[in-house]
Colleague: 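For reference, the structure I am asking about is given below.
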Amino acid sequence: MGIYLNPGNGRFQQAINSKIYVDKTELIGYTNSILQTEDKYICVSRPRRFGKSIAASMLVAYYSRGCDSREQFAGYKIARDENFEKHLNQYDVIFLNMQEFLSRSKDMTEMLERIKKIVMHDFRKEYPDIDYFDNTDLIQSMQDVYAETSRPFVVIVDEWDCIFREHRNNKEAQEQYLDFLRDFFKDRDYIYLAYMTGILPIKKYGTHSALNMFQEYSMLNARDLAEFVGFTESEVSALCEEYGMNMEDMKNWYDGYHFEEAGSIYSPRSVVSSLLSKKYDNYWNQTETFEALRVYIDMNFEGIRDDVLEMMAGERIPVNTSKFTNDMTTFETKDDVFTLLIHLGYLAYDFDHKCVYIPNNEIRNEFVNAVSVSEWGEVSRALRNSAQTLEGIWKNRPSQVLEGIEQAHFETSHIQYNDENALSYTISLALYAARNFYTVYRELPTGKGFVDMVYIPRKKFADKPALVIELKWDKSAKGAIDQIKDKQYCRSLEDYKGNLILVGINYDKATREHECMMEEWVME
């Protein structure tokens with residue numbers, strides 16, 4: 001057993017020894033199906049904390065000749081696959097974590113030389129009797145081993161894109177690295193499977209990709225591997241039942257990524273952290289701070305601010321992902337920024353409608369934190385003060401509510417402040433803190449129309465009153481309250497029993513002032 005050539009199964013054993021391990025071994029069934037085919041090159045990109053390294057270690061444990069993993073996989077789904085025994089521990093596996101090599105090298109030349117030398121060190125120990133043509137040439141030596149042993153290779157590369165993240169401005173080093181990978185992989189018949197993981201898709205090299213032999217499985221289109229991106233809804237539901245957690249709350253906090261092939265996908269690290277701590281909270285910031293997001297949403301591209309505010313209010317925004325060059329520095333439009341945020345996990349992507357949105361409460365909190373410290377004027381202050389605005393509704397303090405609404409009131413080139421729809425964005429921002437306590441509905445259908453905004457307290461906060469908000473433009477707040485009553489909007493909440501606060505808000509276009517009125521109501 002070597003370190004980089006034919007490593008053992010210890011990393012995967014560590015994963016399955018954890019308190020919570022979700023069986024994703026059926027991924028092996030897919031990789032088995034493409035061994036030694038034109039589709040044998042796979043690049044899987046997804047955000048941090050989405051289980052990329054666990055999947056890589058699982059493939060190492062299954063394919064590597066450096067261990068016997070039969071018992072390790074015996075209790076998992078792949079053991080029932082008809083080809084399980086055929087490929088189990090049958091291949092020379094090369095496993096490279098590029099982050100490890102990068103962190104121990106002063107430049108790209110040293111890094112690539114280190115990779116070659118250290119893997120060749122394992123080769124000479126594993127195959128001391130091979131007549132190597134050039135024992136400093138890794139690629140030639142792989143050919144030599146295959147020629148004499150007929151043992152094909154499986155190559156697994158974790159954190160393949162670290163150079164593009166940590167040395168994002170060093171174009172020369174990036175091209176040198178891509179040339180190395182292309183030479184390493186392209187047209188190598190002795191490689192039966194190449195599996196790379198990273199956050200970014202493969203970097204486009206000029207007008208083409210240097211690694212165009214790879215099939216891309218990303219947050220834009222996960223295709224056949226969608227169910228392995230994160231936890232599926234059925235997997236999370238089973239975990240919630242086992243750990244006595246509320247599935248609705250788990251969904252609000254950590255769901256939101258969606259693929260047609262797999263349905264809802266949840267952030268694995270966040271779900272596990274929530275289950276083990278018995279708390280729904282923001283676990284995203286344990287591995288990355290909101291300042292990373294702030295850098296991108298503060299970029300001076302037309303429309304970024306307006307679109308971010310719309311998404312924070314629950315809207316979806318059209319996006320063109322086709323021009324993104326798969327790095328963290330080349331941005332020409334806001335679409336490039338939003339595409340990067342999809343890959344980083346800050347935005348989710350609707351493939352069918354080609355639009356982006358904020359996936360869940362956890363990520364929405366990251367946007368709130370980022371905007372709150374950004375130089376976005378009154379909007380930033382409104383987000384910081386939204387808890388006081390919500391308290392103003394609870395305690396029937398119209399002046400306090402109006403102050404929050406005025407702070408959130410924004411006029412932009414994209415969101416014209418000239419109708420009730422734009423007013424709803426303002427109210428959503430002014431009451432942003434309400435998302436900590438409520439499930440929010442916009443345009444909720446009733447028997448006699450649509451109520452503009454409804455806030456229903458989650459079970460954990462049943463002591464809070466529900467909020468029914470009607471918006472008016474150039475009319476009156478009292479007229480909004482009367483409409484809620486006259487059209488019996490509260491009947492749409494007949495499953496809800498408890499206190500209600502009816503809220504009427506009007507904007508006078510002539511005076512450019514808001515008016516607010518509140519009235520308590522009881523559902524029996």
Side-chain angles (χ1 to χ4, degrees), residues 1-13 15 24-44 52-70 72-73 76 78-79 81 83-98 100-101 115-116 118-120 122-123 125-127 130 138-160 180-198 202 211 213-215 217 224-225 228:
M1 182 177 73
I3 299 175
Y4 302 95
L5 173 65
N6 292 332
N9 54 23
R11 286 190 179 94
F12 184 55
Q13 186 64 48
K24 294 291 186 178
T25 59
E26 287 178 312
L27 171 63
I28 298 169
Y30 180 79
T31 56
N32 281 345
S33 73
I34 60 172
L35 286 171
Q36 200 188 10
T37 70
E38 293 294 328
D39 299 320
K40 66 183 179 180
Y41 299 99
I42 295 177
C43 182
V44 174
K52 298 184 298 296
S53 294
I54 292 177
S57 66
M58 177 183 72
L59 295 176
V60 170
Y62 177 76
Y63 288 114
S64 175
R65 292 180 56 254
C67 52
D68 182 354
S69 301
R70 182 174 283 98
Q72 192 176 48
F73 285 100
Y76 296 107
I78 188 58
D81 189 281
N83 291 317
F84 172 66
E85 295 280 351
K86 178 179 178 182
H87 300 290
L88 178 66
N89 302 131
Q90 296 298 307
Y91 297 89
D92 278 331
V93 170
I94 296 176
F95 174 68
L96 305 173
N97 184 323
M98 291 302 185
E100 172 190 342
F101 291 101
I115 291 173
K116 296 172 187 176
I118 207 163
V119 177
M120 278 307 306
D122 274 1
F123 264 93
K125 288 196 301 183
E126 181 80 11
Y127 295 108
I130 294 288
L138 175 58
I139 295 171
Q140 180 62 52
S141 296
M142 290 172 70
Q143 293 174 328
D144 293 340
V145 169
Y146 181 63
E148 292 200 27
T149 66
S150 298
R151 290 172 180 163
F153 288 89
V154 168
V155 180
I156 299 171
V157 179
D158 198 13
E159 301 279 4
W160 90 272
F180 166 78
L181 292 178
R182 178 175 55 190
D183 192 33
F184 189 54
F185 288 120
K186 194 171 182 62
D187 299 326
R188 305 301 179 189
D189 59 354
Y190 50 80
I191 295 180
Y192 275 27
L193 174 69
Y195 183 93
M196 299 201 308
T197 76
I202 290 173
L211 301 174
M213 76 289 283
F214 276 85
Q215 301 287 332
Y217 301 83
D224 306 81
L225 303 187
F228 307 112

Colleague: Can you find a heavy atom in the side chain of Glu100 that is under 4.5 Å from one in the side chain of Glu159?
Modeller: no
Colleague: Show, in sequence, the C-alpha distance, side-chain angles and deciding distance for Arg188 and Ile139, and conclude whether the side chain to side chain contact (heavy atoms under 4.5 Å, CB included) test is met.
Modeller: CA-CA 9 Å; Arg188 305 301 179 189; Ile139 295 171; 3.6 Å; yes
Colleague: Quick one: side chain to side chain donor-acceptor pair (under 3.5 Å) partners of Tyr146, sequence neighbours excluded?
Modeller: none
Colleague: By side chain to side chain donor-acceptor pair (under 3.5 Å), which residues pair with Tyr192, not counting sequence neighbours?
Modeller: Gln36
Colleague: Do Tyr41 and Gln215 have side chains that get closer than 4.5 Å, going by heavy atoms?
Modeller: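 With C-beta onward as the side chain, the pair stays apart.
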Colleague: Measure across Val60 and Gly8 and return the closest heavy-atom pair with its distance rounded to 0.1 Å.
Modeller: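 Heavy atoms only, the tightest pair is CG1-O, 3.8 Å.
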Colleague: Are any non-hydrogen side-chain atoms of Asp81 and Glu26 less than 4.5 angstrom apart?
Modeller: no
Colleague: Would Phe123 and Val145 count as a side chain to side chain contact (heavy atoms under 4.5 Å, CB included) here? Give the steps.
Modeller: CA-CA 9 Å; Phe123 264 93; Val145 169; 3.6 Å; yes
Colleague: For the side chain of Asn89 and the backbone of Tyr62, is there at least one donor-acceptor N/O pair under 3.5 Å apart?
Modeller: yes
Colleague: Could you tell me whether the side chain of Val157 reaches within less than 4.5 Å of the side chain of Met98, counting heavy atoms only?
Modeller: yes
Colleague: About how many Å separate CZ of Phe185 and NZ of Lys40, when rounded to the nearest 0.5 Å?
Modeller: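 Reported value, rounded in 0.5 Å steps: 10.5 Å.
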Colleague: What distance separates Leu211 CG from Trp160 CH2, expressed to the nearest 0.5 Å?
Modeller: 6.0 Å
Colleague: Tell me the closest heavy-atom pair linking Pro7 and Ile3, and the distance in Å.
Modeller: CB-O, 3.5 Å
Colleague: Could you list the residues that satisfy side chain to side chain contact (heavy atoms under 4.5 Å, CB included) with Arg70, not counting sequence neighbours?
Modeller: Asp68, Glu85, Leu88
Colleague: Can you confirm whether Leu27 sits close enough to Thr25 that some side-chain heavy atom of one is under 4.5 Å from a side-chain heavy atom of the other?
Modeller: no
Colleague: From the options Tyr127, Tyr63, Tyr190, select the one residue that forms a side chain to side chain donor-acceptor pair (under 3.5 Å) with Asp92.
Modeller: Tyr127
Colleague: Rounded at 0.5 Å granularity, tell me how far CD in Gln140 sits from CD in Gln143.
Modeller: 4.5 Å
Colleague: For Phe84 and Tyr76, run ring pair (Phe, Tyr, Trp, His ring centres under 6.0 Å): C-alpha distance rounded to whole Å, both residues' side-chain angles, the deciding distance at 0.1 Å, then the answer.
Modeller: CA-CA 11 Å; Phe84 172 66; Tyr76 296 107; over 10 Å; no
Colleague: Can you list everything that forms a side chain to side chain contact (heavy atoms under 4.5 Å, CB included) with Arg11? Sequence neighbours excluded, please.
Modeller: Ser57, Phe95
Colleague: So do the side chains of Leu96 and Ile156 get within less than 4.5 Å of each other, counting heavy atoms only?
Modeller: no
Colleague: Does Lys116 form a side chain to side chain contact (heavy atoms under 4.5 Å, CB included) with Phe184? I'd like the steps, not just the answer.
Modeller: CA-CA 11 Å; Lys116 296 172 187 176; Phe184 189 54; over 6 Å; no
Colleague: Within a strict 4.5 Å, meaning less than it, do heavy atoms of the Ile94 and Phe153 side chains meet?
Modeller: yes
Colleague: Kindly compute the distance separating CZ (Phe73) from CD1 (Ile78), expressed to the nearest 0.5 Å.
Modeller: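 Rounded to the nearest 0.5 Å, the CZ-CD1 separation comes to 8.0 Å.
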Colleague: Donor-acceptor pair, Glu126 side chain versus Asn6 backbone, under 3.5 Å?
Modeller: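 No; judged by distance alone, with no hydrogens or angles, the pair does not exist.
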Colleague: So do Val44 and Phe228 actually touch side chain to side chain, heavy atoms under 4.5 Å?
Modeller: no
Colleague: Can you see which heavy atom on Ser69 is nearest to which on Ala61, and at what distance?
Modeller: OG-O, 2.7 Å
Colleague: Which distance, rounded to the nearest 0.5 Å, do you find between the CG of Asn97 and the OG of Ser53?
Modeller: 6.5 Å
Colleague: State the CE-CD1 distance between Met120 and Ile118, to the nearest 0.5 angstrom.
Modeller: 12.5 Å
Colleague: Who are the side chain to side chain contact (heavy atoms under 4.5 Å, CB included) partners of Thr197, not counting sequence neighbours?
Modeller: Lys52, Asp158, Tyr195
Colleague: Please check this pair: side chain of Lys24 against backbone of Ala55, looking for a donor-acceptor N/O pair closer than 3.5 Å.
Modeller: no
Colleague: Where the side chain of Asp122 meets the backbone of Leu5, is there a donor-acceptor pair that is under 3.5 Å apart?
Modeller: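 Checked: pair present.
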Colleague: I'd like to check the side chain to side chain donor-acceptor pair (under 3.5 Å) partners of Ser64; sequence neighbours left out, ordered by chain and number.
Modeller: none
Colleague: Under the side chain to side chain contact (heavy atoms under 4.5 Å, CB included) criterion, do Ile42 and Ile34 qualify, and how do the steps go?
Modeller: CA-CA 10 Å; Ile42 295 177; Ile34 60 172; 3.1 Å; yes
